[in-house]
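Single-structure report; data block below.
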Amino acid sequence: RHLSEEDTRALAAFYRSPFGRRVLAAQAAIAADSREASERLVRDALDGSVAPAPPVGDSSHERAVLELIDAMGALNAAQDTMRRTVGALRAAPVLRGIAADEWTRLEAALTDRDALLAIWVPAYVRHLDEAEVRELTAFYRSPAGRRIAAALPAIQSDLVEVAQQYGAESARRAVREVMGPLPQWRPPVPRGDAPAPAVGLPAPADAPPAPHRSDAPRPSTANAPPG
């Protein structure tokens, strides 16, 4: 939907190359490192204890990573994804008791530029050397790479939507399969009347997982950088 056949083939050829395979392996490790750091950020945001992010970009290696993140459009894409995720959580009926200022604090923490870069840059530095970072940047600066980077936000948006729909449908199936057959979900039959029809549980609201707090559920958010 978002990539032409030509660009899809170019992307596949890149990741089938020896360097592309190396990048794929590194991205898995980067995602794991970023997930752990992101979860700490969420916990700190909900507790109101977010510390200023340490500066990045002091070394040529870190500056190369910043160029790569810019070439991929990863920062804007991640910020947009997190805003939509927090918005979906905030709209969930089961979370309406959470104060508005807590949602504002959570969104601000999860979309803060310096905080995101402080998560990603060290992870990239650990798993890709400077030459590899520059080679990957060159790919995303190519005509095909630019088109791929431009399409990534729409692709990620579709993936988030599909994941939310899948989660909601799975919850509905679980309710129907586990709770539906139980007798307590059927009203008693009045004497002398025809049996009342079975009453099923209302379908749960289509909402992503609830955020966690000390007095309410806490979200486990993984903000892995797109690759």
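Summarising the geometry, atom CG belonging to Leu89 is positioned 11.0 Å from atom CD belonging to Glu107; distances are rounded to the nearest 0.5 Å. Expressed to the nearest 0.5 Å, how far CD of Glu135 lies from OH of Tyr140 amounts to 13.0 Å. Within the model, atoms OG1 of Thr137 and CG of Asp70 stand 9.5 Å from one another, a figure rounded to the nearest 0.5 Å. The CG atom of Asp101 sits 11.5 Å away from the CG atom of Leu106 when rounded to the nearest 0.5 Å. To the nearest 0.5 Å, atoms CD1 (Ile30) and CD1 (Ile119) are separated by 13.5 Å. Taking CZ of Arg141 as the start and CZ of Arg146 as the end, the distance is 6.0 Å to the nearest 0.5 Å.
Partners of Phe14 by ring pair (Phe, Tyr, Trp, His ring centres under 6.0 Å), not counting sequence neighbours, listed by chain and number: Phe19, Phe139. Every residue meeting the salt bridge (charged side-chain N to carboxylate O under 4.0 Å, His left out) condition with Arg126, not counting sequence neighbours, appears here in chain and number order: Asp33. Remark: Arg63 engages no residue in a salt bridge (charged side-chain N to carboxylate O under 4.0 Å, His left out) (not counting sequence neighbours). Here Asp114 pairs with Ala53, Asp112 under the side-chain contact (heavy atoms from CB on, under 4.5 Å) rule; sequence neighbours left out. Among residues two or more places apart in sequence or in another chain, the salt bridge (charged side-chain N to carboxylate O under 4.0 Å, His left out) test is passed with Arg105 by none. In this structure, Glu6 has no salt bridge (charged side-chain N to carboxylate O under 4.0 Å, His left out) partners at least two apart in sequence or on a different chain.
No side-chain heavy atom of Leu11 sits under 4.5 Å from any side-chain heavy atom of Asp7. Using a 4.5 Å heavy-atom cutoff, the side chains of Trp103 and Ile98 are in contact. Looking at heavy atoms from C-beta onward, Leu128 lies in side-chain contact with Arg22 at the 4.5 angstrom threshold. Taking the side chain as every heavy atom from C-beta outward, Glu132 and His127 never approach each other to under 4.5 Å.
Annotation for Ala151 and Leu3: closest pair CB-CD2, 3.7 Å, computed over non-hydrogen atoms. Between Ala64 and Glu130, the shortest heavy-atom distance links the atoms CB-CG, 4.2 Å. Between Val125 and His61, the shortest heavy-atom distance links the atoms O-CE1, 3.5 Å. Taking each heavy atom of Arg90 and Ala100 in turn, the nearest pair found is NH2-CB, 3.3 Å. For the pair Leu117 and Pro122, the tightest heavy-atom approach, listed with the atom from each and the gap, is O-CD, 3.7 Å. Residues Val56 and Ala118 come closest through the heavy atom pair CG1-CA, 4.1 Å.
Atom CZ of Arg83 has more than 12 neighbouring heavy atoms from other residues, nucleotides or ligands inside a 6.0 Å radius.
Between Arg35 and Glu39 there is no salt bridge, since no side-chain nitrogen of the basic residue lies less than 4.0 Å from a carboxylate oxygen of the acidic one.
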